Amino acid sequence: VCATGYTALAFFLPGEAPFKFVMVLVLLSLLFVGWQVQQIQGRGLLESRDTDYYYLRVADHEFRGDALRSLYLDTDWEGAKFRDHDGIVHPYTQAYTLVKAWKPNARAVVFLGGGPHVSPMYFHDHLFPQAKIRVVEIDPAVTEAAKTFFDFREDDRMTVENQDARLTWRSLREPVDVIAVDVFDSLLSPPFHLVTKEYHQEMYDHLTDGGVMVTNLIDGWGRPEQSRLIRSYVKTVQSVFDAVWIVPTKGGDEVQNFVVIATKGTPPSLEQIRAVAAKDPAMVGEWVDKIVTSVDPGEDAVLFTDNFSPV
């Protein structure tokens, strides 16, 4: 009722139609934020505080019949873990496990973006139990929350650096087998300085031969105006890496997570990926059939650079 009333009110505001449309979006966004805060407070709120970067909340709740513990940064759902078992909640992070087929015996893994640090812990405990894993998370308070509420732990194979991900490659001297990226400025937008050709060249240069970079973007698909972010990102990655594949998590034209897998050298075949997945229960092998191995970004796709990165 309130949303309908505010929307109707916005159309009576002075100004042209585009201004009124923007005001409608602003009012609806404010209503959504208020509703989300109310919903979280009605759940099992465990933590709520301001950090140097975000308004951080941790809450226990039910979602589609599962008991979850979730991390929220500002208004965005950053990640979750099951409270009663050790599986992977989000489909796109399930698809991240495919990288095991690129480097089954990986010794060095870097995670850019920690969130609840659930994915790095899954890699540590299940996917690459022999590897040293370095997590780069800009906010120390997020890492602290991960340790307190999400069973994250540091040890001789798991370390954390609290800094901007762009700085990682200036201090890291050792080659890396796997780079996993999951960094966002907001629900839909990655940081502009982490999608550029120059930054991906830094990652490429630090990978071992046959190494792999996997990341996640949210965009539409189908109509050109609906998918320009993912297509421009693919074009940028293709300008550096030797093979670039995508994994749509839903299919169709709707807005969804796209997992982008980029290889230094020759990637494994789909048959090889299936064979590795069949032997390793830590991999979520169902995502192999969703891999798209040939992506044409289109003529209107933008090459993201340090001088021009309109995300």
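Quick caveat: nothing in here was measured; it's all calculated off a predicted structure.
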Check: Do Val247 and Tyr96 come close enough that some side-chain heavy atom pair is under 4.5 Å?
Finding: no
Checklist line | Sub-4.5 Å side-chain heavy-atom contact between Asp151 and Met121 | finding: no
Notebook entry, point to check: Which pair of non-hydrogen atoms, one from Lys100 and one from Leu127, has the smallest distance, and what is that distance?
Noted result: NZ-O, 3.0 Å
Margin query: I'd like to know if Val178 and Val288 are part of one continuous hydrophobic network [Ile/Leu/Val/Met/Phe/Trp/Tyr, side-chain heavy atoms within less than 4.5 Å].
Written below: yes
Notebook entry, point to check: Are a donor atom and an acceptor atom from the side chains of His126 and Asp86 found within less than 3.5 Å of each other?
Noted result: yes
Item checked: Side-chain (Arg157) to main-chain (Glu154) donor-acceptor, under 3.5 angstrom -> no
Item checked: Pairwise distance CD1(Ile218) to CG(Leu229) - rounded to 0.5 angstrom -> 9.5 Å
Margin query: Does the plane of the ring in His200 sit parallel, tilted or perpendicular to the ring in Phe241? Use 30° and 60° as the thresholds.
Written below: perpendicular
Next item on the list: Anything under 30° is parallel, anything over 60° is perpendicular, the rest tilted; go ahead and classify Trp245 against Trp102.
Entry: perpendicular
Item checked: Same apolar cluster: Val276 and Ile291, side chain cutoff 4.5 Å -> yes
Margin query: Checking Asp182 against Ser119: is there a side-chain donor and acceptor pair closer than 3.5 Å?
Written below: no
Margin query: Membership question, hydrophobic clusters at under 4.5 Å side-chain separation (ILVMFWY): are Leu207 and Val136 in the same one?
Written below: yes
Item checked: Within 6.0 angstrom of Glu299 CD, more than 12 heavy atoms from elsewhere -> no
Check: Between Asp219 (side chain) and Ile230 (backbone), is there a donor-acceptor pair under 3.5 Å?
Finding: yes
Next item on the list: For Asp280 and Ala282, indicate whether the former's side chain and the latter's backbone hold a donor-acceptor pair under 3.5 Å.
Entry: yes
Notebook entry, point to check: Considering residues at least two apart in sequence or located in another chain, which fulfil the side chain to side chain contact (heavy atoms under 4.5 Å, CB included) criterion with Ser48?
Noted result: Leu45, Tyr55, Arg57
Next item on the list: Could you grab the distance from atom CD of Glu174 to atom CZ of Arg134, nearest 0.5 Å is fine?
Entry: 6.0 Å
Check: Any sub-3.5 Å donor-acceptor pair from Asp177's side-chain atoms to Lys103's backbone N or O?
Finding: no
Check: Hey, are Glu254 and Gln256 close enough side-chain-wise for a donor-acceptor pair under 3.5 Å?
Finding: no
Notebook entry, point to check: Just checking, any donor-acceptor pair under 3.5 angstrom between side chains of Ser227 and Arg231?
Noted result: yes
Check: When rounded to the nearest 0.5 angstrom, what distance separates NZ in Lys290 from CD1 in Ile246?
Finding: 12.5 Å
Item checked: Electrostatic pair Arg153:Asp125 at N-O distance under 4.0 angstrom -> yes
Check: For the residue pair Trp221 and Phe258, does the interplanar ring angle fall in the parallel (under 30°), tilted (30 to 60°) or perpendicular (over 60°) class?
Finding: tilted
Check: Do the side-chain N and O atoms of Tyr204 and Asp242 include a donor-acceptor pair separated by under 3.5 angstrom?
Finding: yes
Check: Looking only at heavy atoms, which two atoms of Thr263 and Gly210 are closest? And how far apart?
Finding: CG2-O, 4.5 Å
Check: Could you state the interatomic distance from CG (Leu194) to CG (Asp185), rounded to the nearest 0.5 Å?
Finding: 8.0 Å
Note to self: Val135 vs Phe123, test: side chain to side chain contact (heavy atoms under 4.5 Å, CB included). Steps then yes/no.
What the structure shows: CA-CA 11 Å; Val135 182; Phe123 274 42; over 6 Å; no
Check: What heavy-atom pair brings Pro116 and Ala80 nearest, and what distance separates the two atoms?
Finding: CG-N, 4.0 Å
Note to self: Do Phe63 and Val89 make a side-chain contact, defined as non-hydrogen atoms from C-beta onward lying under 4.5 Å apart?
What the structure shows: no
Note to self: Can a donor-acceptor pair be found, under 3.5 Å and without considering hydrogens, that links the side chain of Ser171 to the backbone of Thr168?
What the structure shows: yes
Item checked: Distance, nearest 0.5 Å, that separates CG of Leu217 from OH of Tyr233 -> 6.0 Å
Item checked: Glu144 and Lys147: CA distance, side-chain angles, deciding distance, side chain to side chain contact (heavy atoms under 4.5 Å, CB included) verdict -> CA-CA 5 Å; Glu144 180 183 338; Lys147 291 178 178 179; 5.9 Å; no
Next item on the list: Without swapping roles, check the side chain of Asn162 against the backbone of Ile138 for a donor-acceptor pair under 3.5 Å.
Entry: no
Item checked: Non-hydrogen atoms of Thr196 and Thr236 that approach each other most closely -> C-CG2, 3.8 Å
Checklist line | Donor-acceptor contact present, side-chain Ser309 to main-chain Phe192, <3.5 Å | finding: yes
Check: Can you name the nearest heavy-atom pair linking Val259 to Ala95, along with the distance?
Finding: CG2-CB, 3.9 Å
Next item on the list: Could you tell me whether the side chain of Lys132 reaches within less than 4.5 Å of the side chain of Arg107, counting heavy atoms only?
Entry: no
Next item on the list: Tell me, with the steps shown, if Gln130 and Phe128 meet side chain to side chain contact (heavy atoms under 4.5 Å, CB included).
Entry: CA-CA 5 Å; Gln130 74 287 345; Phe128 295 114; 3.8 Å; yes
Next item on the list: Determine, stepwise, if the pair Glu62 / Arg83 fulfils side chain to side chain contact (heavy atoms under 4.5 Å, CB included).
Entry: CA-CA 10 Å; Glu62 303 294 319; Arg83 300 205 308 269; 3.5 Å; yes
Notebook entry, point to check: Do Val99 and Val183 sit in the same hydrophobic cluster, where Ile, Leu, Val, Met, Phe, Trp and Tyr count as joined when their side-chain heavy atoms come under 4.5 Å apart?
Noted result: no
Check: With side chains defined as the heavy atoms from C-beta onward, is the minimum distance between Phe149 and Leu46 less than 4.5 Å?
Finding: yes
Next item on the list: Specify the closest pair of heavy atoms between Pro297 and Val234, including all atoms of both residues, with the distance to one decimal.
Entry: CG-CG1, 4.3 Å
Margin query: I'd like to know if the side chain of Gln94 and the backbone of Val284 have a donor-acceptor N/O pair within less than 3.5 Å.
Written below: no
Notebook entry, point to check: With side chains defined as the heavy atoms from C-beta onward, is the minimum distance between Asp155 and Met158 less than 4.5 Å?
Noted result: yes
Next item on the list: On the 0 to 90° scale, with breaks at 30° and 60°, tag the His61-Tyr72 ring pair as parallel, tilted or perpendicular.
Entry: tilted
Notebook entry, point to check: Could you give the distance from OG1 (Thr143) to CD (Glu137), rounded to the nearest 0.5 Å?
Noted result: 5.0 Å
Margin query: If hydrophobic clusters are built by linking Ile, Leu, Val, Met, Phe, Trp and Tyr wherever their side-chain heavy atoms come under 4.5 Å apart, do Val195 and Val237 end up in the same one?
Written below: yes
Check: Can you check whether Tyr122 reaches Thr97 side chain to side chain, under 4.5 Å on heavy atoms?
Finding: yes
Check: What class does the angle between the rings of His85 and Phe82 fall in, given that below 30° is parallel, 30 to 60° is tilted and above 60° is perpendicular?
Finding: parallel
Item checked: Any His117 side-chain heavy atom under 4.5 Å of Phe150 side chain -> no
Notebook entry, point to check: Counting N and O atoms only, with roles assigned by atom type, does the side chain of Tyr54 sit under 3.5 Å from a partner on the main chain of Ala141, one being a donor and the other an acceptor?
Noted result: no
Checklist line | Arg228 side chain vs Asp300 backbone, donor-acceptor pair below 3.5 Å | finding: yes
